[in-house]
Structure formats: structure tokens, C-alpha cells
Protein chains: 2
Amino acid sequence: MSFSYQFPRPALTVDCVIFGLDNEGLMVLLIKRGLDPFRGRWALPGGFVHIDETVDEAARRELREETGLQRVFLEQLYTLGDLDRDPRERVVTIGYYALINLHDHRLKAASDAANAAWFDIVDLPRLAFDHDAIIEMALKRLKSKVRYCPIGFELLPRKFTLSQLQRMYETVLARPLDKRNFRKKVLQLDMLEELDEVEQDVAHRAARLYRFNEAKYVKATEQGFNFEI
Amino acid sequence: MSFSYQFPRPALTVDCVIFGLDNEGLMVLLIKRGLDPFRGRWALPGGFVHIDETVDEAARRELREETGLQRVFLEQLYTLGDLDRDPRERVVTIGYYALINLHDHRLKAASDAANAAWFDIVDLPRLAFDHDAIIEMALKRLKSKVRYCPIGFELLPRKFTLSQLQRMYETVLARPLDKRNFRKKVLQLDMLEELDEVEQDVAHRAARLYRFNEAKYVKATEQGFNFEI
DNA sequence: TCACCTTAGTGTACGCAGTACACTATCGAT
DNA sequence: ATCGATAGTGTACTGCGTACACTAAGGTGA
């Protein structure tokens, strides 16, 4: 079966930059290509937009296929449509980025897990297509957006310490933050819920746990507070 | 002649939100549709992405066809890909926005000029497709970006007074600004070139003219200055 | 059990930038 | 000469970002 149109059409794909945070740093999930072009080269998870799904659904499907995760933070980035970005034929791709909580979820061993791996954002391999440009845009967006939107929590476990939170910001922004100023700032924003729990199994004084509270955040921003780290 | 593919493909279009500034306020250029669907309804200028042009080129071509202008500020916004946004068939569209200097250029009388008109952003007619959503995104982007990037100058004549500059910001941001604070701010940013000219043919004290100086702006931002209105 | 190691947790002083606010200067028109 | 309209100018206050160092707590292991 084939589908005919009066004029030629570009193929339409989505590609996802999936960010995760571990002790090493900010990581990106890549897939090793099994087919030409760029066989053996690492690439972003992605694929064609089906005719019966929205572009957001296509991105979410790719994300689920690679990680098994649903309900994660996913946002459209930018659409790349240069003529020769795919050597086979004209392909326009819609770039997305996602933020994954690597602590609370065990990622499913994807059928092609052998071909998937996490790479530190500061030490990426050579990539297929123009995927390096997509990752660069995603990182830039994440760095700027994390400063004025509470999206960084998506990278952390649901319960976290203030030190973990600070480390997350330091890792994403790639610069050190002052501990006292950081705590003053996030606590006065009044969007964290202080829990009656401390972290367990640590070889030093245990830190108090906090949780992001959406309702408090909305209330605080309505009252004119600027979230800004 | 027709083009066949193994799998069905969405059509790919671009739509441009073209902003202009006049004495009334912030305006958007719309086209009255001559064909179904939405015949007679106002819509954004736009059309199909050709197979031999990048998506940016497609947007620039549409812009040129409607305004006759080249070399204007044009930026990609967002890609909309819901299933039923066009009743005829699956169409994915890439939204763009452009900023036009209505003072220095006389827009060409487009062949279909009778079907094109400027509308005040605060008083838009009912629109075809999901073009109201695209305009809303464009306005939101413009409002936020104008505060930290020197893109507002694209809406002004090359030589302008500080009052014109302030009015532009007030119109885009839809809120009043304090005159003395505004002047202090833009002058200390050191990105304006003070000219040895004053405005002509005004029935009151003539104001000094200024010009945006890209080199000064770059130098100022390199030295850590934040452009922020 | 006690000394040590590691991380948690806390307050103050300074400087700069945002903000609020009102009068004089200039020019053309009548 | 007066009027009308817009240009152009300075100061004081307040709040926020920033720089900076010590004590508290709890597990480890000699």
C-alpha cells in the first residue's frame, strides 16, 4: 500500500533529548543506531510522526518506548528543517526535551537496552544527523527555564534534601551556588513542604527532607513572588 | 504528477504572525481567506513548505509575498500538530513571528492587498484554524523576549526618540513605564547612539534622536551588563 | 567511648538596582 | 507674549543579591 500526494512532502519526525540526573552529573539518553545512515553512531531517541497521533503524542510515545516511563515532563523545543539534515531524503524533525527522575523509577530494560546508554552532557560522543544541535538547544532551554520555573524538581526524587536541590541547580547551571543564600532564597519562595523525615543511611548528620508543593508554589507566584534562582 | 510514500504523511505548512507598530498600538497582519475551509474568515499569512526550501526559507518567502519586505526579524515560535486543526486533512504547521518597521518602509501593495489588513492585537476578529493560539503564543514570546533582548527596535524607525522607544515598550508590555526610570535604564545600558539631530515638524519642543548601536550593545553585554527593561 | 570525619544548618553587613515621585526647559502656534 | 504640548532632569528609600565562617549532629573506627 502507498499514499500519493499532488506535491512532494517532507517526512516528519520527532527527536527527544531525555535528561536525567545522577551523582556524576547531568546525563542524556542516547541510542546506538543499527541502520544506515550513521550506523553505529549515537543518536537521540526518535521516529516518525504517525498520521493518527499529534506531534506531542509522537514524542511521548518515543519516550515511553525508550524508557517505559509515562507522565514525565516533556516540552517541545524547536523544529529543524534544513534540506540535507538526513542524507536519504527530506526530513523535518520536531525536537523535544524531557526531564526524568532517575531515583524513584527503575527504567525498564528496553528490548534494545544494549543499544541505549546515558552520557554525561559534558562528554558526549559524536552524534548522528544534527542531533548535537538539538541537544545544545535543549541544554540552553533547560538552563534558562530552570531559573524561573519549578521544573528542576522533575530531575529529583519526590523527597529531597536542600543539599540535593542545590546540587541539582549547580549541575544544571554548571556553576557553584552559595549555600546560605540558596537556602534563604528557596525557603522564602515558600514552595517547599518541610517533612518530618530525615534522610536515612548516611554516614553523617542526616538532612531534613522536603517536597515540592505545587499548590504553595501557585499561591506564592499569584502573590507576585518571582521564582528565580 | 504525484508523489507516493509507503506511509501517509501530514502536510507541512508555516504560518507567520507579522507584528507592526503604529500610533494606535501593536498590530497584526491578517489575510482574508478566499477559499474553503473558513472562506471569508481572517487568517495568518502562511502556506506549504516546499520540498526544496528549509522551513525558515518557507516562512521568509511567505513574509515576502505578503509584505514585499526582506531582511526583517523573523523567528520560529512553535509547531502545532493536533489531529483536526485543518478539517480537510492532517496538517502540521510551524508558527513564526516577525517584527516589521512600518515607519521606514512602504509596504508593497500586494496583489491581494484588498484581502490583507492590519488588526490591533487587542481587538482581533475571529480567526481560521487555530491561528488565535499561534497569535497568543507570539504575543507571549514577544512580551517576554523584548525585556531581555534588543528586538523591540525592529518595530521602530531607525532613528527614534526616547519617548517613541518608551511608547513601544509600553505598547508591547501593555503597561505604563516611569519616564525618568526608563531613560536612566536605557541610557545606562549604553546601547544607544545619541545623534546630532532632533525630530522635525512637531508642534512642541523637538526631541533628540537616537539610533540602536549593535556594536555598543554587544560590548555592553560582554561586560556583564544585563539588558532588562 | 571518645576523637574524628563529614555534612547539616544558620545570620549579618554591604552595595547596587529598582522604584516612586514633580518641576523646569523648549518650541511652535496663535 | 501667552499658551499648550512634550522634552528633559535628580534624589531618596527600600529590598534583594551577595559575600562570608562557624557550630551542630550523627556515624565511624581506633
Side-chain angles (χ1 to χ4, degrees), chain A residues 23 103 143-144 146-148 156-157 159-171 173-211 220-221 223-229, chain B residues 23 103 143-144 146-148 156-157 159-171 173-211 220-221 223-229:
Chain A
N23 297 328
H103 307 78
K143 273 188 179 183
S144 73
V146 81
R147 293 193 53 216
Y148 65 91
L156 292 178
K159 300 173 181 182
F160 49 83
T161 68
L162 293 183
S163 292
Q164 278 179 294
L165 186 64
Q166 179 176 346
R167 252 196 312 283
M168 181 273 290
Y169 278 105
E170 289 178 329
T171 305
L173 299 175
R175 63 181 163 90
L177 299 172
D178 179 84
K179 183 156 122 175
R180 278 173 293 188
N181 295 339
F182 178 81
R183 282 164 189 248
K184 196 198 318 177
K185 183 72 194 177
V186 298
L187 291 178
Q188 97 186 11
L189 285 173
D190 192 33
M191 57 180 182
L192 296 185
E193 194 177 333
E194 184 175 331
L195 302 176
D196 284 331
E197 294 177 63
V198 294
E199 54 180 350
Q200 302 295 321
D201 304 318
V202 286
H204 52 77
R205 176 174 175 183
R208 180 169 295 278
L209 291 172
Y210 291 81
R211 184 162 54 189
T221 50
Q223 282 164 15
F225 254 115
N226 275 352
F227 179 91
E228 183 137 341
I229 300 290
Chain B
N23 297 327
H103 306 78
K143 274 188 180 183
S144 73
V146 81
R147 292 191 55 217
Y148 66 90
L156 292 177
K159 301 172 179 183
F160 50 81
T161 70
L162 294 183
S163 292
Q164 278 179 295
L165 186 65
Q166 181 177 345
R167 252 197 313 282
M168 180 275 290
Y169 277 105
E170 289 178 327
T171 305
L173 299 175
R175 63 181 164 90
L177 299 172
D178 179 83
K179 183 156 121 174
R180 279 174 291 190
N181 294 339
F182 179 80
R183 283 166 187 247
K184 197 197 318 177
K185 182 72 193 175
V186 298
L187 291 177
Q188 95 184 12
L189 285 175
D190 192 33
M191 57 179 182
L192 297 186
E193 194 177 331
E194 184 175 331
L195 302 176
D196 284 331
E197 294 177 64
V198 294
E199 55 181 348
Q200 303 295 323
D201 303 319
V202 287
H204 51 77
R205 176 173 175 183
R208 180 169 294 278
L209 291 171
Y210 291 81
R211 184 163 55 188
T221 50
Q223 282 164 17
F225 255 114
N226 275 351
F227 179 91
E228 182 137 343
I229 301 291

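Everything quoted here is computed from the prediction, not taken from an experiment. We name chains A, B, ... by the order of the sequence lines, and we start the count at 1 in each one.
Across every non-hydrogen atom of A/Leu177 and A/Tyr169, the tightest pair is CD1-CB, 3.7 Å.
Toward the 5′ end of DNA chain C lies the nearest nucleotide of A/Glu199, the other residue of the pair B/Arg180 and A/Glu199 mapping further downstream. With the nearest nucleotide of DNA chain C identified for both B/Asn181 and A/Asn181, A/Asn181 has the one nearer the 5' end. Along DNA chain D, the nucleotide closest to A/Lys184 and the one closest to B/Arg167 are compared, and the more 5′ of them pairs with B/Arg167.
Summarising the geometry, atom CG belonging to B/Asn23 is positioned 6.5 Å from atom NE2 belonging to B/His103; distances are rounded to the nearest 0.5 Å. Note that NZ of A/Lys179 and CD of A/Gln166 are 7.5 Å apart. Values are rounded to the nearest 0.5 Å.
Summarising the geometry, the separation between CZ on A/Arg175 and P on D/dT18 is reported as 8 Å, rounded to the nearest angstrom. Taking atom CD of residue A/Gln188 and atom P of nucleotide D/dG15, one finds them 12 Å apart after rounding to whole Å. Look at CG on A/Asp178: it is 7 Å from C1' on D/dC20, rounded to the nearest Å. One atom, CZ of A/Phe182, and another, P of C/dG11, lie 18 Å apart when rounded to the nearest Å. Distance CD (A/Glu197) to C1' (C/dA8): 17 Å, rounded to an integer number of Å. B/Asn23 places its CG atom 12 Å from the P atom of D/dT6, with the value rounded to the nearest Å. Summarising the geometry, the separation between CG on B/Leu177 and C1' on C/dT19 is reported as 12 Å, rounded to the nearest angstrom. Between the CG atom of A/Asp201 and the C1' atom of C/dT6 there is a distance of 16 Å, rounded to whole Å.
Without hydrogens or angle criteria, B/Glu199 side chain to B/Ala207 main chain gives a donor-acceptor distance under 3.5 Å. The backbone N or O of A/Val198 sits less than 3.5 Å from a side-chain atom of A/Gln200, completing a donor-acceptor pair.
Heavy atoms of A/Arg183 sit under 4.0 angstrom from at least one base atom. If you check every strand for non-hydrogen atoms under 4.0 Å, B/Ala203 touches a base.
Taking only side-chain atoms of B/His204, from C-beta outward, the nucleotide of D/dG26, D/dA5, C/dG11 with the closest atom is D/dA5. Counting only heavy atoms from C-beta on, A/Arg205 has its side chain closest to C/dG9 among D/dA7, C/dG18, C/dG9. Checked against D/dA7, C/dA8, C/dC21, the side chain of B/Ser163 finds its nearest nucleotide in D/dA7.
Note on A/Lys185: every side-chain N or O is 4.0 Å or more away from OP1 and OP2 of D/dC16.
Evaluation of atom-type donor-acceptor distances gives a pair under 3.5 Å for the side chain of A/Lys179 against the base of C/dG9.
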